[in-house]
Visitor: 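Below you will find the structure I want to go over with you.
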Amino acid sequence: MIQTVGIKTFTLRNYKEIPQVKKYLSKEIQEHIRVVGTVLPFKVNNYVVDELIDWDHFEDDPIYMLTFPQKGMLKPKDYKIVKKALEEDISPLELNKIVNHIRSELNPNPAGQMDHNVPVMNGERLAGVQHKYEQTILFFPSHGQTCHAYCTFCFRWPQFVGNKEIKFAREETETVVEYVKKHPQITDVLITGGDPMTMRSDRLRAYIEPFLEVDQIKNIRIGTKSLSYWPYKYVNEPDTEAILELFRDVKKSGKQLAFMAHVNHPAELSTPVLKLAVENILATGAQIRTQSPIMKHINDSSCTWRDMWTKQVELGMIPYYMFIARETGAKEFFSVPLVRAWEIFKHAYRRVSGIARTVRGPIMSAHPGKVAVLGPTFINGEKKLALSFVQGRNPEWIMQTFFAEYDEEAEWLDDLQPAFEKERFFFETELIDDVKLN
Ligand SMILES: *Cc1c(COP(=O)(O)O)cnc(C)c1O
Ligand code: SF4
């Protein structure tokens with residue numbers, strides 16, 4: 001029997017009440033949390049604190065790094081500015097100005113999220129929807145724009161810091177359904193956030209049900225971190241049965257429910273309640289697929305990925321994507337160079353069953369598309385870096401291999417030079433409206 005646990009959430013306002021913070025964290029470390037947490041989102045809960053973090057080794061603990069703000073996440077100069085502002089007790093208005101300026105320099109909307117992928121229907125922009133790849137639309141329901149805890153590396157951080165301009169959400173499904181019907185190539189709706197599984201089941205149902213009556217839709221996907229941050233949701237909460245019923249109803253309508261679980265580290269898969277949650281979700285007929293970025297301080301070792309994929313398969317989950325950190329937020333603190341990410345992927349991939357090799361990566365979700373790093377290769381005796389499109393803004397690019405000059409330092413597509421003294425990559429000529437590739 002899993003005991004019923006009520007959720008207790010901690011943010012900058014009350015984190016000092018966490019018993020482990022009092023017991024293990026020095027005043028200095030608590031100051032790091034306060035300063036960095038003023039700029040970047042910070043939220044954690046009792047499950048993460050009590051079940052997932054090994055407090056005796058918190059300095060190296062991946063889940064501690066995943067959820068608690070770290071000093072290195074801000075540039076030293078920004079850290080000093082915020083620290084000073086907090087010490088001087090300036091007005092909230094002044095503090096806001098300083099903080100917003102720092103945030104604006106942290107590239108809050110990478111890969112053209114705001115401008116490029118928002119569809120237009122009847123002359124109106126469908127805010128809260130993105131349609132970048134033929135078959136799949138992303139849908140950001142406005143009630144799902146929070147999470148049970150926040151990841152320190154999150155590229156969606158603008159959604160959580162309360163700046164309306166850069167928030168991205170939608171309350172109303174009908175127009176989205178109308179848009180889908182006008183685009184018969186769309187087969188997938190990916191409901192995302194934030195975390196849509198922070199919603200009550202009746203709200204979530206209201207968003208999902210209209211799609212169940214649309215024949216062309218084959219897959220409802222839900223992108224969520226809830227399995228890792230609050231598995232009780234699927235085990236013993238008052239709303240649990242209604243959530244599982246909704247999942248069964250998706251399946252009954254003849255569609256697949258793909259539960260896209262974000263899992264960053266095998267530690268998240270270690271608790272009895274997680275195991276039960278997975279069993280309950282799978283019993284509804286849903287599939288669980290997994291994805292994660294590769295992040296320094298959290299999961300930048302091949303053993304971690306091997307263990308994680310092995311454990312996922314053991315639990316009945318399907319490994320799906322390994323991503324490279326996007327260019328936003330505290331990227332410098334977490335980023336792993338492309339070649340190093342490829343090495344880690346390779347060593348992990350070689351040591352898991354073929355059943356776990358459904359995973360694709362390492363992948364940059366960049367402006368032109370999802371670009372996989374295929375690895376170093378020799379052409380006419382010269383070392384180059386091979387890449388390929390897994391998804392493309394232009395579908396003609398998918399499965400196209402292309403080459404960059406070998407570069408061990410490069411961390412993103414726009415750090416790479418086209419190989420063979422070409423001026424541009426083949427796809428760049430088509431992206432004339434964009435000066436900078438994200
Ligand atoms: C990753 C992504 C998808 C889904 O791509 P799949 O390869 O089908 O998993 C859809 N839309 C956007 C904008 C994405 O970044
Ligand atoms: S769960 Fe996803 S959206 Fe939420 S904070 Fe973590 S990375 Fe960001």
Side-chain angles (χ1 to χ4, degrees), residues 11 40-45 48 63 65-69 108-114 116-119 129-140 144-161 167-169 185-198 218-230 256 258 260-265 268 287 289-293 295 298 318-326 328-330 334 358-361 363-372 388-393 395 397-399 438:
T11 63
L40 296 166
F42 167 45
K43 179 161 106 181
V44 70
N45 66 46
V48 175
I63 309 301
M65 301 301 275
L66 174 66
T67 49
F68 281 78
N109 275 287
Q113 265 199 52
M114 288 294 283
H116 297 288
N117 308 320
V118 179
V129 177
Q130 287 177 16
H131 188 196
K132 181 171 178 181
Y133 306 130
E134 270 194 342
Q135 297 85 359
T136 306
I137 55 162
L138 301 193
F139 183 25
F140 298 74
Q145 301 310 308
T146 183
C147 304
H148 292 98
Y150 293 151
C151 309
T152 39
F153 61 70
C154 181
F155 71 87
R156 298 214 163 120
W157 61 272
Q159 317 233 5
F160 312 133
V161 290
K167 236 175 167 161
F168 209 92
Q185 72 274 29
I186 298 172
T187 56
D188 287 37
V189 179
L190 170 44
I191 301 170
T192 182
D195 189 338
M197 295 313 299
T198 53
K218 307 295 177 202
N219 304 301
I220 306 282
R221 306 195 215 175
I222 301 176
T224 179
K225 181 81 188 168
S226 55
L227 257 187
S228 299
Y229 281 161
W230 195 250
Q256 292 294 335
M260 313 297 291
H262 300 189
V263 183
N264 308 112
H265 193 277
E268 295 162 43
Q287 301 171 331
R289 292 176 192 266
T290 62
Q291 60 191 55
S292 169
M295 293 284 165
I298 295 173
I318 306 165
Y320 192 62
Y321 275 137
M322 176 206 268
F323 288 118
I324 309 247
R326 283 203 196 208
T328 177
F334 291 111
T358 47
V359 67
R360 291 170 294 167
I363 284 171
M364 289 172 271
S365 202
H367 180 58
K370 281 189 167 72
V371 175
S388 174
F389 279 96
V390 166
Q391 280 285 16
R393 183 168 287 286
W397 302 343
I398 299 170
M399 294 291 284
N438 265 300

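All values below come from the heavy atoms of this structure, side chains included, with hydrogens, waters and symmetry mates left out. First listed ligand is number 1; within each ligand, the first listed atom is number 1.
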Visitor: Which protein residues have a heavy atom under 4.0 Å from ligand 1?
Guide: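 Contacting ligand 1 under 4.0 Å are K132, Y133, T136, L138, R221, Y320, Y321, S365, K370, Q391.
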Visitor: Taking the six-membered ring where the residue is Trp, are the ring centres of F68 and F42 under 6.0 Å apart?
Guide: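 Between F42 and F68, which both carry aromatic rings, the centre distance is below 6.0 Å.
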Visitor: Below 2.8 Å, any N, O or S contact between C151 and atom 8 (Fe) of ligand 2?
Guide: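 No - counting backbone and side chain alike, C151 has no N, O or S atom under 2.8 Å.
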Visitor: Suppose I only count heavy atoms of G194 and a 4.0 Å limit; which atoms of ligand 2 are within that range?
Guide: 3 (S)
Visitor: Sequence neighbours left out, what passes side chain to side chain contact (heavy atoms under 4.5 Å, CB included) with P196? Give chain and number order.
Guide: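 By the side chain to side chain contact (heavy atoms under 4.5 Å, CB included) rule, P196 matches I191, M199, L204, I222.
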Visitor: Go through the structure and list residues passing side chain to side chain contact (heavy atoms under 4.5 Å, CB included) with S228, not counting sequence neighbours.
Guide: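 Listed in chain order: K225, V263, E268.
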Visitor: Any atoms of ligand 2 less than 4.0 Å from a non-hydrogen atom of K225? List them with their elements.
Guide: 1 (S)
Visitor: Apply salt bridge (Lys or Arg N to Asp or Glu O under 4.0 Å) to R221 and list each qualifying residue two or more places apart in sequence or on a separate chain.
Guide: D188
Visitor: Which option, S228, G144, C154, P41, owns the non-hydrogen atom nearest atom 8 (Fe) of ligand 2?
Guide: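 The nearest heavy atom belongs to C154.
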Visitor: Check the pair T358 / Y320 against side chain to side chain contact (heavy atoms under 4.5 Å, CB included), numbers first and verdict last.
Guide: CA-CA 6 Å; T358 47; Y320 192 62; over 6 Å; no
Visitor: What's the spacing between Y133 OH and I186 CD1 if we round to 0.5 Å?
Guide: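 Output value for this atom pair is 14.5 Å.
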Visitor: Consider side-chain hydrogen bond (donor to acceptor under 3.5 Å, both in side chains). Of T67, T146, T11, which one does K43 pass it with?
Guide: T146
Visitor: Using a 4.0 Å cut-off to any heavy atom of C147, which atoms of ligand 2 qualify?
Guide: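 The atoms of ligand 2 under 4.0 Å from a heavy atom of C147 are 1 (S), 3 (S), 4 (Fe), 5 (S).
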Visitor: Going by the side-chain hydrogen bond (donor to acceptor under 3.5 Å, both in side chains) test, name the single residue among H262, R289, Q291, R360 that passes it with Y321.
Guide: R360
